[in-house]
Chemist: 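Would you mind keeping the following structure in view while I ask a few things?
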Amino acid sequence: MRGYVVSIVLFLVASNTLLLGVYGAGECGKTPINTAAASMSPCLTAAGNAKASVPPTCCTKVAALINAAPKCLCAVLLSPLASQAGIKPAIAITIPKRCNIKNRHAGKKCGRYIVP
């Protein structure tokens with residue numbers, strides 16, 4: 001499993017030039033979208049399976065991202081890189097709630113999804 005996560009992170013970093021100017025550019029401030037996506041690697045299992053437990057490391061990363069750049073999380077979840085990594089936006093968007101993050105912008109839209 002660890003090798004799979006490392007492979008996904010390497011893929012996300014290597015894909016930087018494909019998406020930097022197209023998907024989510026600017027949503028993450030000065031952080032390139034691929035770097036933000038790679039930082040979310042602890043969330044891969046929970047983002048693809050609603051029954052999977054959310055690791056504490058994932059919750060910490062999501063909370064930090066919401067505090068720093070709330071629109072960035074949505075941009076990362078809807079990016080083609082996330083899709084290629086097996087992230088299901090309808091499930092991934094529930095991670096802040098599953099982590100009990102209080103300032104999660106409940107009721108806001110993320111693409112066609114509503115943050116619970």
Side-chain angles (χ1 to χ4, degrees):
M1 179 62 158
R2 186 177 186 126
Y4 175 76
V5 171
V6 171
S7 297
I8 295 298
V9 170
L10 290 175
F11 173 78
L12 293 173
V13 172
S15 299
N16 176 33
T17 57
L18 297 175
L19 299 174
L20 185 57
V22 179
Y23 299 102
E27 299 294 337
C28 299
K30 293 181 180 180
T31 303
I33 188 97
N34 69 307
T35 302
S39 76
M40 303 304 291
S41 64
C43 302
L44 282 175
T45 301
N49 181 350
K51 294 180 181 180
S53 63
V54 183
T57 308
C58 171
C59 292
T60 300
K61 298 281 186 180
V62 169
L65 192 57
I66 288 173
N67 286 331
K71 292 180 181 180
C72 183
L73 181 61
C74 188
V76 166
L77 296 180
L78 297 178
S79 73
L81 291 175
S83 177
Q84 291 171 356
I87 291 174
K88 297 175 183 167
I91 295 171
I93 203 71
T94 67
I95 289 175
K97 182 176 182 178
R98 290 161 59 197
C99 289
N100 283 328
I101 296 172
K102 303 286 185 238
N103 62 337
R104 67 179 183 268
H105 305 292
K108 299 267 181 164
K109 287 190 91 178
C110 179
R112 65 180 193 202
Y113 306 99
I114 303 291
V115 178

Chemist: Considering non-hydrogen atoms only, spot the tightest contact between Lys88 and Gly48 and give its length.
Modeler: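 Closest approach of Lys88 to Gly48: NZ-O, 3.5 Å.
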Chemist: Show the nearest heavy-atom pair for residues Gly111 and Cys74, with the distance to one decimal.
Modeler: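 Distance-wise, the nearest heavy atoms are N-SG, 3.9 Å.
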Chemist: Can you tell me if Asn67 uses its side chain to pair, donor with acceptor, with the backbone of Ala63 under 3.5 Å?
Modeler: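 Checking the backbone N and O of Ala63 against the side chain of Asn67, a donor-acceptor pair under 3.5 Å is found.
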Chemist: Working to the nearest 0.5 Å, report the span between CD1 of Ile114 and CD1 of Ile93.
Modeler: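 One gets 9.5 Å once the value is rounded to the nearest 0.5 Å.
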Chemist: Of all heavy-atom pairs between Pro116 and Lys97, which one has the smallest distance, and what is that distance?
Modeler: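 The answer is CB-CD, 3.9 Å.
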Chemist: Just to verify, which of Val76, Leu78, Leu81, Leu44 counts as forming a side-chain contact (heavy atoms from CB on, under 4.5 Å) with Ile87?
Modeler: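 The residue from Val76, Leu78, Leu81, Leu44 that satisfies side-chain contact (heavy atoms from CB on, under 4.5 Å) with Ile87 turns out to be Leu44.
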Chemist: For the side-chain contact (heavy atoms from CB on, under 4.5 Å) test, which of Leu77, Ile101, Val54 pairs with Ile95?
Modeler: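 Answer after filtering Leu77, Ile101, Val54: Val54.
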Chemist: Counting distance only, does the side-chain N/O of Arg98 pair as donor-acceptor with the main-chain N or O of Cys59 below 3.5 Å?
Modeler: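 No: the side chain of Arg98 does not pair with the backbone of Cys59.
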Chemist: Do Lys109 and Val115 have side-chain heavy atoms sitting under 4.5 Å apart?
Modeler: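 With C-beta onward as the side chain, the pair stays apart.
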Chemist: Do Leu65 and Met40 come close enough that some side-chain heavy atom pair is under 4.5 Å?
Modeler: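 Yes, at least one pair of side-chain atoms sits under 4.5 Å.
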Chemist: If you round to the nearest 0.5 Å, how far is CD1 of Ile91 from OH of Tyr113?
Modeler: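 If I round to the nearest 0.5 Å, the distance is 9.5 Å.
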Chemist: Taking all atoms of both residues into account, what is the closest heavy-atom pair of Ala69 and Cys28, and its distance?
Modeler: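 Heavy atoms of Ala69 and Cys28 come nearest at CB-CA, 4.3 Å.
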Chemist: Determine the minimum heavy-atom distance between Val62 and Pro96, stating which atoms define it.
Modeler: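 The pair with the smallest heavy-atom distance is CG1-CG, 3.8 Å.
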Chemist: Do side-chain atoms of Thr35 reach the backbone of Thr31 as a donor and acceptor pair under 3.5 angstrom?
Modeler: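 No, Thr35 side chain to Thr31 backbone: no donor-acceptor pair under 3.5 Å.
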Chemist: Nearest 0.5 Å, please: how far is SG in Cys110 from CG in Leu73?
Modeler: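 If I round to the nearest 0.5 Å, the distance is 6.5 Å.
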Chemist: Measure the shortest side-chain to side-chain distance between Lys61 and Ile66 over non-hydrogen atoms and say whether it is less than 4.5 angstrom.
Modeler: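 No; the side chains remain at least 4.5 Å from each other.
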Chemist: What heavy-atom pair brings Pro42 and Pro55 nearest, and what distance separates the two atoms?
Modeler: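 Shortest heavy-atom separation between Pro42 and Pro55 comes out as O-CG, 3.4 Å.
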Chemist: Applying disulfide (SG to SG under 2.5 Å) to Cys58 and Cys99, what does each step give before you reach the verdict?
Modeler: CA-CA 9 Å; Cys58 171; Cys99 289; 5.1 Å; no
